[in-house]
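Both counts, for ligands and for their atoms, begin at 1 and track the order of listing.
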Amino acid sequence: MTAVPAWVGVIGGGRMGAGIAQVFLAAGAHVAVVEAGGEAAEAARGRLSDGLEETARRGKLAGDVAGVLARLTLLDSAAELDAATELVVEAVPERADLKADVLRAAESAVGPGAVLATNTSSLSVTELAAALERPTRFLGLHFFNPVPASKLVEVVVAAETDPALVGTASGWVRALGKTDVVVKDSPGFASSRLGVLLGLEAIRMLEEGVADAEAIDTAMELGYRHPMGPLRSTDLVGLDVRLAIAEYLHRTLGERFAPPQLLRDKVAAGELGRKTGKGFHTYP
Ligand SMILES: NC(=O)c1ccc[n+]([C@@H]2O[C@H](COP(=O)([O-])OP(=O)(O)OC[C@H]3O[C@@H](n4cnc5c(N)ncnc54)[C@H](O)[C@@H]3O)[C@@H](O)[C@H]2O)c1
């Protein structure tokens, strides 16, 4: 069975990056997290150590937290990544220019055999590859939030990705105890494309008065055994986040992703879901 790479770099130690670093550390890798400066680095270290403490509390960490954290290094720049790094996962904010910059810096620092990956949730992996000297060594590894608890990673294959890399990356995902699905680079990959479409149709049904939000969610939860109905799930993700993704999918895939007016109205009214206490449902 494939093991995780011994040396991993993670660029960006935010919500996703810290989670990605955490699961590789827990699986035995040495991990270098690149963050933008002092305070951000300390915040990333805090997120990571809290996450590992939680895993340990649930009895799921091999070894003690201090021992695992001894394999963590924090760096100020991707240019400082070690030449021995086998895998670099980029998880900086969702901006193509920023991602291209850090990926280029990482590519120059690591050896020619290293694999570079992006955790982008919506940008084209093929377009990001254009920034690189070795696009054949690049693919998407789309982790889900929260990374330690989520079972899924989409392995996103860009136009120039070496097919041999796909099997290697899938092996690493399985070595993390997660399930890989291999997807061709295309807007929304497999997960968002289907998940967002269901959410948009549920909102259109609400607009048309087919049923109320509770009934629509219950129909999917009990009738189709979805763990969470499409409106509750939109509340969890954030209505603003869903609207941004729908607008992108509308532009790239067509009319069926046109955001319903009700979604726009709720976002304009500041009803963004759980984080504001109100979306399609209300939260105490
Ligand atoms: N949040 C989610 O649910 C989710 C799910 C899947 C994928 N993603 C994707 O993951 C990526 C990161 O999202 P996030 O939610 O973790 O964002 P975040 O804002 O929590 O984290 C981004 C981190 O990158 C750091 N950063 C900024 N510029 C940097 C630089 N030049 N070098 C190093 N670090 C830098 C920031 O300080 C921050 O800690 C995005 O591409 C996002 O689309 C997010």
Taking 4.0 angstrom as the limit, do [X] and [Y] come out as a salt bridge?
X      : Y      : value
Arg232 : Glu214 : yes
Glu208 : Arg204 : no
Lys99  : Glu127 : no

Mind checking whether Phe144 and His142 have ring centres under 6.0 Å apart? yes
Across all chains, not counting sequence neighbours, the side-chain hydrogen bond (donor to acceptor under 3.5 Å, both in side chains) partners of Asp101 are Arg104
Please tabulate protein-ligand N/O pairs under 3.5 Å for ligand 1, atom names and distances to 0.1 Å.
from	atom 1	to	atom 2	distance (Å)
ligand 1	3 (O)	Asn145	ND2	3.2
ligand 1	10 (O)	Asn119	ND2	3.0
ligand 1	16 (O)	Arg15	N	3.3
ligand 1	16 (O)	Met16	N	2.7
ligand 1	20 (O)	Arg15	N	3.0
ligand 1	37 (O)	Glu35	OE1	2.8
ligand 1	37 (O)	Glu35	OE2	3.4
ligand 1	39 (O)	Gly14	N	3.4
ligand 1	39 (O)	Glu35	OE2	2.5
ligand 1	41 (O)	Val92	O	3.4
ligand 1	41 (O)	Glu94	OE1	2.4
ligand 1	41 (O)	Lys99	NZ	2.7
ligand 1	43 (O)	Glu94	OE1	2.8
ligand 1	43 (O)	Ser121	OG	2.6

Report the relative orientation of the aromatic rings in His30 and Trp7; use parallel for angles under 30°, tilted for 30 to 60°, perpendicular for over 60°.
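Answer is parallel, since the angle falls under 30°.
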